[in-house]
Amino acid sequence: MKMNPVLLLAFVSLCVADYPDMDHHKTIYISENGPRLFLQMEQSKVISYRGGNATLPCKFHREASSGNGNSQKTRIKWTKLTADYLKETDVYVAMGVHRKSYGSYHGRTFLQGASENDASLIITDITLDDYGKYKCEVIEGLEDDTGVVTLDLQGVVYPYFPRIGRYNLNFKEAQQVCQDQDSVIASFDQLYDAWRGGLDWCNAGWLSDGSVQYPITKPREPCGGKDTVPGVRNYGYRDKDRNRYDVFCFTSNYKGRFYYLIHPTKLTYDEAVQACLKDGSQIAKVGQMYAAWKLMGYDRCDSGWLADGSVRYPISRPRRRCSPTEAAVRFVGFPDKKHKLYGVYCFRAYN
Ligand SMILES: *[C@@H]1O[C@H](CO)[C@@H](O)[C@H](O)[C@H]1NC(C)=O
């Protein structure tokens, strides 16, 4: 059983500062039983964005009694906790002069090393999958300590269902459709933040921890009851294979240009795909429209095809005949792909 190092220090300094004459402070056994090595995380949360960098803070300290330690034998290990907190995946390990990074973190992670006691990890070119909780562990001989820091990303959460219709996705398919829209399945914290920002959606969707929930800011009859308090309604953890719902996706900044293609005629879906290609781009994905709308204030009152076969338009300045009451990405539907009735939104990635 470990003492919280901060409490321990507070106790020790209290004894020394306030009771200098008493000599029993010299025999504080908790000091000997407690950790001689402990971590200080400085921040519990770091905020970045896709494509950005982040420094996850982690400093370690040794108590005087254990001497200066031996940095040759210090082992620093960073892991990431999975969305359900049940597992850890390896991110980065350093011991002496040896360094190793794992999987997608390879080539993107290094220690800040600002001082001898600095175990802070720098992650560059952040991806949507990097979002989550990271554990710093420092081991010296028999001593070790751990701390956790959250990497948060700025971005946007949106509800999604595919062309086949409402309540058709099991958990795996939900992850896949988000990925197809240049997004990831949202976490509960991301949905909660979106709800606090005003998101109201009356269809239940999967979240990354395997729960199914939906955010209500304006309580009403079909959405859990009229006389209920606003909140994120929770169906709990559902059967990931057999239960079918919509999904909440999350996306962040992109490196590229999102735009409405100026074209002399309205287009069918196939013509829309071709028109973007001809312009040196790709037909845009739903996540790219949401990111352009939310993060860059993109506003265009023209219905356009997107890659999933839906037709939508992004309004950030509400006005009559576009989206009179709220800033929103308006959903026209999944029309017949042969209908020659809409424009197209394209996306050109920067390399
Ligand atoms: C991230 O860090 C790398 C390496 O230090 C640097 O080249 C790059 O410009 C940084 N990117 C951003 C967005 O700050």
Side-chain angles (χ1 to χ4, degrees), residues 39-60 71 74-81 89-138 147-158 178-179 181-184 186-187 189-190 193-194 197 249-259 281-282 284-285 287-298 316 346-351:
L39 298 190
Q40 184 193 1
M41 303 303 279
E42 275 172 2
Q43 286 163 273
S44 61
K45 189 195 262 191
V46 172
I47 301 175
S48 188
Y49 53 91
R50 177 162 59 173
N53 297 339
T55 303
L56 307 180
C58 179
K59 292 221 168 77
F60 56 98
S71 56
T74 305
R75 185 175 142 93
I76 296 168
K77 183 174 182 189
W78 281 92
T79 53
K80 183 168 189 269
L81 307 177
T89 56
D90 290 333
V91 173
Y92 188 94
V93 174
M95 190 161 115
V97 295
H98 302 287
R99 304 274 181 273
K100 184 166 179 179
S101 51
Y102 294 84
S104 70
Y105 293 98
H106 193 72
R108 296 195 295 125
T109 43
F110 47 98
L111 290 183
Q112 179 171 252
S115 68
E116 202 218 334
N117 296 339
D118 187 7
S120 304
L121 187 72
I122 295 177
I123 308 179
T124 63
D125 200 11
I126 284 173
T127 69
L128 296 177
D129 291 322
D130 291 345
Y131 169 89
K133 287 186 162 41
Y134 290 79
K135 191 175 95 179
C136 175
E137 180 171 19
V138 178
V148 172
V149 55
T150 299
L151 174 59
D152 202 358
L153 302 181
Q154 69 172 28
V156 54
V157 171
Y158 60 94
C178 288
Q179 215 172 318
Q181 304 314 317
D182 191 36
S183 306
V184 289
S187 72
D189 289 340
Q190 288 168 334
D193 286 347
C249 302
F250 172 84
T251 193
S252 180
N253 305 47
Y254 52 71
K255 282 187 206 153
R257 186 164 85 92
F258 171 91
Y259 61 101
S281 304
Q282 304 262 327
K285 297 173 175 175
Q288 291 158 350
M289 179 179 278
Y290 271 97
W293 166 74
K294 181 77 172 192
L295 302 170
M296 299 167 75
Y298 194 93
S316 49
C346 305
F347 182 79
R348 189 179 304 161
Y350 300 148
N351 294 316

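Order of listing sets the numbers, starting from 1, for every ligand and every atom in it. Residues: numbered from 1 along the sequence shown.
- Checked against a 3.5 angstrom limit, the closest N/O atoms of N53 and ligand 1 fall inside it.
- Comment: D152 engages K45 in a salt bridge, judged by a side-chain N to carboxylate O separation of less than 4.0 angstrom.
- Q190 contributes atom CD, which lies 11.0 Å from atom SG of C249 (distance to the nearest 0.5 angstrom).
- Aromatic ring pairs are classed by plane angle as parallel below 30°, tilted from 30° to 60° and perpendicular above 60°; the pair Y290 and Y158 is parallel.
- Counting protein heavy atoms only, atom 13 (C) of ligand 1 is closest to Y49 OH, 3.8 Å.
- Salt bridge absent: D129 and K80 never bring a charged side-chain N and a carboxylate O closer than 4.0 Å.
- Here is the list of ligand 1 atoms found below 4.0 Å of a heavy atom in T124: 2 (O).
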> Between S115 and N117, is a side-chain hydrogen bond (donor to acceptor under 3.5 Å, both in side chains) present by the stated rule, with each step listed?
Replying inline: CA-CA 5 Å; S115 68; N117 296 339; 5.5 Å; no
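- The presence of a protein heavy atom under 4.0 Å from atom 5 (O) of ligand 1 is ruled out.
- For atom 9 (O) of ligand 1, the nearest protein heavy atom lies 4.0 Å or farther away.
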